[in-house]
Number of protein chains: 2
Amino acid sequence: MENVKNISESEWKVLEVLWDKPGSLIGEIRTALAGSGWSYSTIKTLVLRLTQKGALYTKETPQGKEYYPAVDEDKSRRDETKHFLDRIYNGSVRMLFSNLVKDSKLSDKEAEELMGLIDKMED
Amino acid sequence: MENVKNISESEWKVLEVLWDKPGSLIGEIRTALAGSGWSYSTIKTLVLRLTQKGALYTKETPQGKEYYPAVDEDKSRRDETKHFLDRIYNGSVRMLFSNLVKDSKLSDKEAEELMGLIDKMED
DNA sequence: AAATCAGGGTTACAGGTGTAAACTATAGAT
DNA sequence: ATCTATAGTTTACACCTGTAACCCTGATTT
């Protein structure tokens with residue numbers, strides 16, 4: 001369960017399937033990704049690459065290979081989030097929020113409250 | 001000022017320079033990016049690509065070309081944010097936050113307050 | 001004038017990513 | 001026994017991205 005870097009956007013979608021249902025067979029992955037528009041080949045490539053990256057592993061069973069995520073969902077999300085924040089908001093949750101709040105329907109007072117909590121959160 | 005897609009991570013850093021000081025000359029961009037470790041060539045490539053993507057434009061002056069961002073900083077940030085949220089949190093600010101809060105030092109009560117505001121925000 | 005340097009244009013090149021076909025083995029369907 | 005659908009392995013290929021060199025020109029230095 002270590003830090004595997006550089007999971008691409010498409011690969012991420014495959015991982016999501018496995019986070020949702022670890023131990024899926026390839027057929028189940030296919031079904032889950034039916035809406036993606038990807039061909040079977042494409043899905044297999046993504047699975048292959050994730051395996052090569054160490055982001056998933058398989059277990060042999062009589063039914064075929066079961067696929068398991070080798071990275072933690074929450075941790076992966078947090079890593080991505082940190083990277084995103086650094087990249088776009090210079091690491092500041094506050095900046096992110098002052099941006100998000102603009103589009104929202106919070107009152108000024110609520111927005112202020114929110115920002116206060118975020119400041120506290122960021123320490 | 002339209003939606004220019006696919007600004008890469010490196011290109012973004014160049015844009016940041018221009019958002020900060022629109023109309024910079026190439027030398028100023030270089031100086032601003034001195035800490036990046038990029039060679040002059042690299043910086044010019046990034047500028048070139050941004051130009052090709054329509055994300056910046058130039059104005060000729062006796063001093064040389066001035067470089068201007070052609071995309072709005074806040075809007076670009078919001079676009080990136082939306083993309084990120086969709087990709088990682090299924091579009092939900094709430095999920096993002098319930099994740100962020102975990103690492104924070106907010107009390108349970110504060111966290112709850114925060115989540116309440118976010119729910120209101122998301123509508 | 002010759003050498004040097006910043007600016008501008010063109011070209012390069014490897015690794016990552018999206019997207020998939022080709023081929024092979026196998027197991028269930030007929 | 002044969003055909004066909006599914007799984008698995010290998011290979012492909014174009015575009016994006018990070019990173020940069022090469023070459024030309026005009027300005028500045030010596």
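Labels below follow one simple rule: chain letters A, B, ... track the order of the sequence lines, proteins then strands, and each chain is numbered from 1.
Taking the side chain of A:Glu9 as heavy atoms from C-beta on, and the options C:dG8, D:dT17, C:dG18, the nearest nucleotide is C:dG18. Comparing D:dG18, D:dG8, C:dA20 by their nearest atom to the side chain of A:Ile26 picks out D:dG8.
Of the side-chain N and O atoms in B:Ser8, one or more sit less than 4.0 angstrom from OP1 or OP2 of D:dG18. Between A:Thr42 and the phosphate of C:dA20, there is a side-chain N or O to OP1/OP2 separation shorter than 4.0 Å. Residue A:Tyr67 has a polar side-chain atom (N or O) positioned under 4.0 Å from OP1 or OP2 of D:dG8. Here A:Lys13 does not reach the OP1 or OP2 of C:dG18: none of its side-chain N or O atoms lies under 4.0 Å away. For D:dG18, neither phosphate oxygen OP1 nor OP2 lies less than 4.0 angstrom from any side-chain nitrogen or oxygen of B:Thr45.
Atoms CD (A:Glu66) and P (D:dA7) sit 13 Å apart, rounded to a whole Å. The distance between atom CD1 of B:Ile7 and atom P of D:dG18, rounded to the nearest whole Å, is 12 Å. Atom NZ of B:Lys59 is separated from atom P of C:dG7 by 19 Å (rounded to the nearest Å). The CG-P distance, from A:Leu25 to D:dA7, rounds to 8 Å in whole Å. In this structure, OH of A:Tyr40 is placed 17 Å from P of C:dC23, rounded to the nearest angstrom. As a whole-Å value, the separation of A:Leu48 CG from C:dT19 C1' is 14 Å. Atom C1' of nucleotide C:dT26 and atom CD of A:Glu60 are separated by 14 Å, given to the nearest angstrom. Atom CZ of A:Arg30 and atom P of D:dA5 are 12 Å apart (whole Å).
Pairs engaging residues 19-32 of chain B under the side-chain hydrogen bond (donor to acceptor under 3.5 Å, both in side chains) rule: B:Lys21-B:Glu28 [sequence neighbours left out].
Donor-acceptor pairing under 3.5 Å, judged by distance alone, is absent between the side chain of B:Ser39 and the base of D:dA20. Checked by distance alone, A:Arg49 brings no side-chain donor or acceptor within 3.5 Å of a matching partner on the base of D:dT10.
Within the 4.5 Å cutoff, side-chain heavy atoms of A:Val47 are placed close to those of A:Tyr67.
A donor-acceptor contact closer than 3.5 angstrom links the side chains of B:Thr42 and B:Ser39. Counting only N and O atoms by type, the side chains of A:Glu110 and A:Ser107 include a donor and acceptor under 3.5 Å apart.
Taking the six-membered ring where the residue is Trp, the centroids of A:Phe97 and A:Tyr89 are separated by 6.0 Å or more.
Remark on DNA chain D: of its neighbouring residues B:Lys53 and B:Lys44, the 5'-side contact belongs to B:Lys53, judged by nearest-heavy-atom nucleotide.
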